[in-house]
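Read the structure below first, then the notes.
When a ligand or atom number is given, it counts from 1 through the structure's own listing order.
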Amino acid sequence: MAKKTRKTIRTIPQDRTPIPEQAPADRIRNFEEVALGYREEDARNEAERCLLCPDPACVGACPVSIHIPGFIERITENDYRGAYDIIADANLLPAICGRVCPQEDQCECVCPVGDTLEPVAIGRLERWIGDLAIAEDWHNTPYIGPSGFKIGIVGSGPAGMACAADMAKAGCKVTIFEALHQPGGVLRYGIPEFRLPKKVIDAEIENLKRLGVEIECNTLIGRLFTLEQMLGEMGFHAIFIATGAGYPSFMGIEGESLHGVLSANELLTRCNLMGASEFPSHDTPLELGSHVAVIGAGNTAMDAMRVALRSGAEKVSCIYRRTRAESPAREEELHHAEQEGIEFHWLTAPAEILGDEAGRVRAMRCIRMELGEPDESGRRRPIPIEGSEYEFETQTVVYAIGTNANPIIGQTANLELDERGYIHTDESLATSMAGVYAGGDIVTGAATVILAMGAGRKAARSMKSYLGIRDSDVVYQAERRESEGKRFGIDLAERNFARVRVA
Ligand code: FAD
Ligand code: SF4
């Protein structure tokens, strides 16, 4: 085979390949996807921009360590199935992660191409391969010998799914218990259709079921049965808790009990999970009124505002006490919201919500802010400007100022919690109850999909070690190093295999 010439920053395509998008004027009238995805020629062109670094920084920056240059090289070789196999070794949800991961803070921000040009669009390439796998019905379902262990997973978000996949691959009988009537966690009820279509979630969850994982919806652990019962009479050998942080925060100002005040999670759940956007064909009306004000400027606020716009609000405003520079939302989400005509009121905070005689929201009393010295978060502290209060007309107020731990497990099991109510774990993600592990947002607080998946995989390794199961992840790794060899038929790269005395 002819030796490949090493690529350099000068020889690669200089411009990052753009992703086609629905025009803002069209998309605010529908819930269809905004970013339409690469075509084959786009993906091939972008893949050529990867330098195939011998010591790739992007892999270390990926929370699930996808072998990024490996899959990108397969794209340049026309071996798309090979590219999928490499991604699927580490990531069960490529079409999801390719869409929603903040790659600009992870793999793409350490890519050396970005020192001179725009970094390789790793996320867009991952999405392209993930979508192709769905279209071509590719999946990897290995033969799995049963280990005899029964694993319970509480919560079907990305952390629970990632842990379930690894435990199923280790031969365990895995059941996921989900409180809601459909699986997926925030992927399903939080992130809107125009960023993450439900058919993509369904397809990737199908791969989990192919591994033998059972999902029991409408099952609220802590109410239907407790962790103690699961470990006792129900016969689970280990449990992973991945219940997320979906409990909304409010500010505690006057007027929060008025009709027309809701949390972003409620707005999004009504729309994404209960079909409010299709009212009256779904019996879940969303009475938003003509003007919706969303408090907060993170990713959840962007989603809530863009959903409100698509649900018929004439004007949607963002109320944020700092400036655009301090907004915690992804740049791409802010940009899309601005393109769609959301009004941003920076350096503004609500002081009171005002109602009419019928108990409905009619306005907010807001106060202007200025920025002082940085606070403990490193961002400049917002300080109210005396005498700057004014009335701001709105019919709906949506809170998107953060969330807290989902509390039920903590209230019903004898688990050590931290001072904020999140589950306390050690380094291996073991909780204070033997055999019970926890990870994702319920341990870290609200974070990201890929960090939750990384936690699920880490907990699976710890659970295998606890149960004395061979850590057979390596068996599924397409890019594994051949040099490690075998002893007694067992790959030496495997962890936790039975200790054999050789002398
Ligand atoms: P979750 O996804 O919250 O799943 C927890 C599941 O547990 C839920 O389905 C819940 O119903 C279930 N559950 C809770 N209690 C019980 C119980 N007692 N019994 C049974 N089931 C229970 N991250 C990104 O990376 N990119 C994004 O673009 C992005 N956008 C977001 C948009 C919104 C609106 C929100 C709210 C979050 C977003 N995030 C994003 C964050 C990301 O979705 C979360 O960090 C991630 O989903 C956490 O995963 P998890 O598995 O820990 O929990
Ligand atoms: Fe390719 Fe960038 Fe990863 Fe290097 S760091 S292998 S250039 S994606």
Worksheet entry | Arg44/Glu48 salt bridge by N-O under 4.0 Å criterion | no
Worksheet entry | Atoms in ligand 1 with a heavy atom of Leu268 nearer than 4.0 Å | 34 (C)
Worksheet entry | Identity and distance of the protein heavy atom lying nearest atom 8 (S) of ligand 2 | Ile122 CD1, 3.7 Å
Worksheet item: Just by distance, with hydrogens left out, do Glu178 and Asn218 show a side-chain donor and acceptor under 3.5 Å apart?
Response: no
Worksheet item: Does ligand 1 have any atom sitting under 4.0 Å from a heavy atom of Ala242?
Response: yes
Fill in: For ligand 1, the portion of Leu220 having any non-hydrogen atom under 4.0 Å away
both
Response to the item:
Ranked by distance from atom 53 (O) of ligand 1, the top protein heavy atom is Gly244 CA, 3.5 Å
Worksheet item: Less than 3.5 Å between some nitrogen or oxygen of Asp441 and one of ligand 1, yes or no?
Response: yes
Worksheet entry | For Gly440, atoms of ligand 1 separated by under 4.0 Å from a heavy atom | 52 (O)
Fill in: Under 4.0 Å to a heavy atom of Pro102 - the qualifying atoms of ligand 1, by number
25 (O)
Practice prompt. Any atoms of ligand 1 less than 4.0 Å from a non-hydrogen atom of Gly185? List them with their elements.
Written response: 2 (O), 4 (O), 8 (C), 9 (O)
Discussion item. Does Asp115, at its CG atom, have more than 12 non-hydrogen atoms belonging to other residues, nucleotides or ligands within less than 6.0 Å?
Written reply: yes
Worksheet item: Taking NZ, NE, NH1 and NH2 as the nitrogens, is one of them in Arg49 or Glu46 under 4.0 Å from a carboxylate oxygen of the other?
Response: yes
Fill in: Salt bridge present between Glu214 and Lys209 (N-O < 4.0 angstrom)
no
Worksheet entry | Protein contact to atom 7 (O) of ligand 1 [nearest heavy atom, distance to 0.1 Å] | Gly155 CA, 3.2 Å
Item to complete: Give a yes or no on whether a salt bridge exists between Glu326 and Arg321, defined as a side-chain N under 4.0 angstrom from a carboxylate O.
Response: no
Worksheet item: If you measure every N/O of Gly190 against every N/O of ligand 1, is any gap under 3.5 Å?
Response: no
Worksheet item: Out of Asn299, Asp303, Ile450, who gets a non-hydrogen atom closest to atom 32 (C) of ligand 1?
Response: Asp303
Discussion item. Looking at non-hydrogen atoms alone, which of Gly157, Gly160, Cys97, Gly410 comes nearest to atom 4 (O) of ligand 1?
Written reply: Gly157
Worksheet item: Would one find more than 12 heavy atoms of other residues, nucleotides or ligands at under 6.0 Å from atom CG of Asp426?
Response: yes
Discussion item. Tell me whether ligand 1 is touched by Thr219 - counting only heavy atoms on the residue side and a distance under 4.0 Å.
Written reply: yes
Worksheet item: With a 6.0 Å cut-off on ring centres, are Phe149 and Phe236 close enough?
Response: no
Fill in: Residue pair Glu33, Arg27: steps toward the salt bridge (charged side-chain N to carboxylate O under 4.0 Å, His left out) verdict
CA-CA 8 Å; Glu33 217 174 351; Arg27 69 186 192 229; over 6 Å; no
Worksheet entry | For Leu180, the ligand 1 atoms whose distance to one of its heavy atoms is below 4.0 Å | 11 (O)
Worksheet item: So does Glu108 pair up with Arg16, basic N to acidic O under 4.0 Å?
Response: yes
Fill in: Asp303 side chain vs Ile191 backbone, donor-acceptor pair below 3.5 Å
no
Worksheet item: Of the choices His181, Met302, Glu178, which has the non-hydrogen atom that lies closest to atom 12 (C) of ligand 1?
Response: Glu178
Item to complete: Show which atoms of ligand 1 fall inside a sub-4.0 Å distance from at least one heavy-atom site of Asn406.
Response: 14 (C)
Item to complete: Please check if any side-chain donor atom of Asn45 sits under 3.5 Å from a side-chain acceptor atom of Thr17, or the reverse.
Response: yes
Practice prompt. Pull out every atom of ligand 1 sitting under 4.0 Å from any heavy atom of Phe177, numbered as shown with elements.
Written response: 20 (C), 21 (N)
Item to complete: Report yes or no: does Gly222 have a heavy atom closer than 4.0 Å to ligand 1?
Response: no
Worksheet entry | Proximal protein heteroatoms (N, O or S) of atom 4 (Fe) of ligand 2, under 2.8 Å | Cys53 SG
Worksheet item: So which protein heavy atom does atom 25 (O) of ligand 1 come closest to, and at what separation?
Response: Val449 N, 2.9 Å
Worksheet item: Considering only the protein, which heavy-atom contact is closest to atom 19 (N) of ligand 1, and what is its distance?
Response: Ile221 N, 3.0 Å
Worksheet item: Looking only at atom types and distance, does a side-chain atom of Asp42 sit under 3.5 Å from a main-chain N or O of Arg39, one as donor and one as acceptor?
Response: yes
Worksheet item: Of all the heavy atoms in Gly246, does at least one lie under 4.0 Å from an atom in ligand 1?
Response: no
Worksheet entry | Protein contact of atom 41 (C) of ligand 1 - nearest heavy atom, named by residue and atom, plus distance | Ala447 O, 3.3 Å
Worksheet item: Does any donor atom in the side chain of Tyr189 or Gln182 lie under 3.5 Å from an acceptor atom in the other side chain?
Response: no
Worksheet item: Is Lys198 paired with Asp202 through a side-chain N to carboxylate O contact shorter than 4.0 Å?
Response: no
Discussion item. Just to check, does Glu333 reach to within less than 4.0 Å of ligand 1 when the distance is taken from its heavy atoms?
Written reply: no
Worksheet item: For atom 26 (N) of ligand 1, what is the nearest protein heavy atom, given as residue, atom name and distance?
Response: Val100 O, 2.6 Å
Worksheet item: Do Phe240 and Tyr437 make the cut of ring centroids closer than 6.0 angstrom?
Response: no
Item to complete: Quick one: look at Arg195 and ligand 1, take heavy-atom pairs under 4.0 Å, and tell me if it's side chain, backbone, both or neither.
Response: side chain
Worksheet entry | Protein heavy atom at shortest distance from atom 29 (C) of ligand 1 | Ile191 CD1, 3.7 Å
Discussion item. Return the closest protein heavy atom for atom 51 (O) of ligand 1 as residue, atom name and distance.
Written reply: Ala159 N, 3.0 Å
Worksheet item: Just by distance, with hydrogens left out, do Glu416 and Ser432 show a side-chain donor and acceptor under 3.5 Å apart?
Response: no
Item to complete: Please determine if Glu193 and Arg310 form a salt bridge, counting it only when a charged side-chain N lies under 4.0 Å from a carboxylate O.
Response: no
Practice prompt. Just let me know how Ala455 lines up against ligand 1, side chain, backbone, both or neither, with a heavy-atom cut-off below 4.0 Å.
Written response: neither
Item to complete: Check whether the side chains of Thr431 and His424 place a donor and an acceptor atom closer than 3.5 Å, and report yes or no.
Response: no
Worksheet item: Heavy atom under 4.0 Å from ligand 1: found in Val154's side chain, backbone, both, or neither?
Response: side chain
Discussion item. Between Asp131 and Arg99, does any NZ, NE, NH1 or NH2 come within less than 4.0 Å of an OD or OE carboxylate oxygen?
Written reply: yes
Worksheet entry | Part of Ala179 within contact of ligand 1 (heavy atoms, under 4.0 Å) | both
Discussion item. For atom 1 (P) of ligand 1, which of the options Val186, Ile176, Thr300, Ile153 provides the nearest non-hydrogen atom?
Written reply: Val186
Fill in: Distance-only polar pair, side chains of Asn265 and Thr403, donor-acceptor under 3.5 Å
no
Worksheet item: Hey, are Arg324 and Glu338 close enough for a salt bridge, meaning a charged N less than 4.0 Å from a carboxylate O?
Response: yes
Practice prompt. With heavy atoms under 4.0 Å as the rule, classify the contact between Thr243 and ligand 1 as side chain, backbone, both or neither.
Written response: both
